[in-house]
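To keep things clear, I will list the structure first and then write my remarks on it.
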There are 2 protein chains.
Amino acid sequence: MKRRPLLDYAILGLLAQQPMTGYGLRRVFASTPMGVFSDSPGSIYPALARLERDRLIRSAGQSGARQGSRLLEPTRAGLATLRRWLSAKITREEVMRRIDELLLRFAFMDRHLDAASVDRFLGELAGAVSTYVNELRAFARQAPGPPGSTGRLALEHGIAAFRATAQWARRARAAWRKSHALAVS
Amino acid sequence: MKRRPLLDYAILGLLAQQPMTGYGLRRVFASTPMGVFSDSPGSIYPALARLERDRLIRSAGQSGARQGSRLLEPTRAGLATLRRWLSAKITREEVMRRIDELLLRFAFMDRHLDAASVDRFLGELAGAVSTYVNELRAFARQAPGPPGSTGRLALEHGIAAFRATAQWARRARAAWRKSHALAVS
DNA sequence: GATCACATGTAAGAAGTTACATGATTCT
DNA sequence: AGAATCATGTAACTTCTTACATGTGATC
């Protein structure tokens with residue numbers, strides 16, 4: 001039940017989509033928006049070693065005819081760990097400091113949770129982010145620093161960015177409900 | 001010239017605004033949107049120790065009559081280090097992976113750089129972020145995964161969030177120019 | 001024959017997290 | 001008197017970064 005680094009979940013999620021070699025994972029991190037993760041061998045291979053040590057991933061044959069290369073896939077325990085992570089409740093802390101993690105969870109979600117859970121996640125996210133936007137606004141109202149200062153403008157950026165996230169969550173939820181025939185709450 | 005952790009610059013920026021104790025810094029991190037940084041003593045005090053070791057901050061007397069408490073302020077070398085960080089060019093890498101750092105730089109900027117530099121920063125930022133939004137769109141066009149999947153929707157979040165940042169940058173720049181009587185380019 | 005892409009690792013060091021540890025002052 | 005706040009630190013552990021290190025197979 002211990003907390004794992006985000007990289008571990010990113011790897012589990014990718015391997016659940018498609019077994020790959022470590023090098024394949026590096027290519028994904030180097031060439032897609034998953035590039036928030038480093039593609040350096042010094043981060044990937046130690047992560048693979050600890051996932052294998054904990055029996056969350058295992059070998060699933062060789063890549064092509066290349067010797068020394070191993071296709072990797074999640075074990076049943078690995079999929080269970082992934083699902084637990086995907087199912088965790090959204091906290092204020094995560095909205096504030098780890099919004100990227102919440103979005104990564106969402107990106108992997110439809111392959112491992114049912115449509116109602118995805119819907120619930122988007123609802124919770126929209127709510128939690130809106131709440132945080134209101135907190136930022138309240139802070140801005142009684143904050144120090146002259147209006148027009150860069151400090152003030154930076155705070156406005158935070159508000160604008162989180163507002164965009166809340167809006168996206170509401171729209172994504174509507175789209176999701178439409179294509180999955182869920183009742184409107 | 002070596003690269004410092006973001007926390008060091010956050011501390012330098014805050015101490016440049018107002019000399020404070022380590023505990024004061026912890027309070028800022030615990031109670032403002034600067035809370036992306038941990039307020040744990042295990043991160044703050046080692047950071048203060050290395051800044052002092054490198055002579056970027058120094059003591060400036062006691063807080064109130066409390067013994068054992070030290071008000072801290074940046075040295076001239078500390079201010080120079082801060083200004084160098086604030087003046088660095090914006091890279092694609094930073095837009096992609098460290099947008100928070102760019103915003104933190106902006107928040108401290110008006111106290112240390114002139115109005116034209118701030119203006120230039122916002123122009124560069126708007127440009128770099130827009131470029132990245134286009135890259136994300138191009139990726140989305142030829143990306144795998146069915147439309148309506150959570151993976152696809154997460155990608156759309158990225159686009160929406162960066163678009164909001166680009167828009168903010170353009171608006172902030174217009175506002176900045178207005179209040180600083182800079183020519184419109 | 002050389003270069004690029006595929007492929008996997010290790011070593012040293014820096015930094016952050018969590019938990020522990022201590023003590024003074026102020027408020028109730 | 002007890003609790004909360006002010007105040008500063010250390011220790012163990014985990015992780016990431018950067019750099020080094022090696023080797024095969026395919027392409028030009």
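Below, read A as the first sequence line, B as the second, and so on, with proteins coming before strands; counting in each chain starts at 1. Computed from a predicted model, the values in this text were never measured in an experiment.
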Pair A:E156 + B:R171, salt bridge at N-O below 4.0 Å: no

Mind checking if B:G22 touches a base, just sugar-phosphate, or nothing, with heavy atoms under 4.0 Å? sugar-phosphate

Between B:E93 and B:R97, is there a side-chain N and carboxylate O pair less than 4.0 Å apart? yes

From the list C:dA15, C:dT8, D:dC16, which nucleotide is the closest neighbour of the side chain of A:P5? D:dC16

Counting only side-chain nitrogens and oxygens, does A:S38 get under 4.0 Å of the OP1 or OP2 atom of D:dT17? yes

When the distance from CG of A:L72 to P of C:dG9 is rounded to whole Å, what number comes out? 9 Å

Rounded distance in Å - CD1 (B:I44) to P (D:dT8): 11 Å

What contact category does A:R70 fall into here, base, sugar-phosphate, or nothing, at under 4.0 angstrom with non-hydrogen atoms? sugar-phosphate

Could you check how far CG of A:D8 sits from P of D:dT14, rounded to whole Å? 13 Å

Centroid separation A:F106 to A:W168 less than 6.0 Å: yes

Walking DNA chain D from its 5' end, the first of B:Y45 and A:G42 to be reached, judged by nearest nucleotide, is B:Y45

Which part of the nucleic acid, if any, lies within reach of B:R26 when heavy atoms closer than 4.0 Å are counted: base, sugar-phosphate only, or nothing? base

Consider the side chain of A:T21, meaning its heavy atoms from C-beta on, and name the nucleotide among C:dA7, C:dT17, C:dT18 that approaches it most closely. C:dA7

Check whether any side-chain nitrogen or oxygen of A:Y23 sits under 4.0 Å from OP1 or OP2 of C:dC6, and answer yes or no. yes

Quick one: label A:P41 by what it contacts on the DNA or RNA (base, sugar-phosphate, nothing), any heavy atom closer than 4.0 Å. base

Could you tell me how far apart B:K2 (NZ) and C:dA15 (P) are, to the nearest whole angstrom? 6 Å

Minimum-distance nucleotide (side-chain atoms of B:R27 versus C:dA15, C:dT17, D:dA7): D:dA7

Heavy atoms from C-beta onward define the side chain here; which of C:dA5, D:dT17, D:dG9 lies closest to that of B:R97? D:dT17

Under 4.0 Å between a Lys/Arg side-chain N and an Asp/Glu carboxylate O for A:E52 and A:R70? yes

Look at all strands and tell whether B:R4 reaches a base, only sugar-phosphate, or nothing, counting heavy atoms closer than 4.0 Å. nothing

In short, B:I44 meets B:S38 closest at the heavy-atom pair CD1-O, 3.8 Å

Round to a whole Å and report the spacing from CG of A:L6 to P of D:dT15. 12 Å

Specify the separation, in whole Å, of atom CD of B:E52 and atom P of D:dT8. 11 Å

Against the side chain of B:S69, the closest entry in D:dT8, D:dT18, D:dC6 is D:dT8

Please report the distance, rounded to the nearest Å, between CG in A:L25 and P in C:dT8. 9 Å

Is a salt bridge present between A:R120 and A:E124, judged by a nitrogen-to-oxygen distance below 4.0 Å? no

Any side-chain N or O of A:R50 under 4.0 Å from OP1/OP2 of D:dC16? yes

Calculate the interatomic distance between B:D39 atom CG and C:dA19 atom P; express it in whole Å. 14 Å

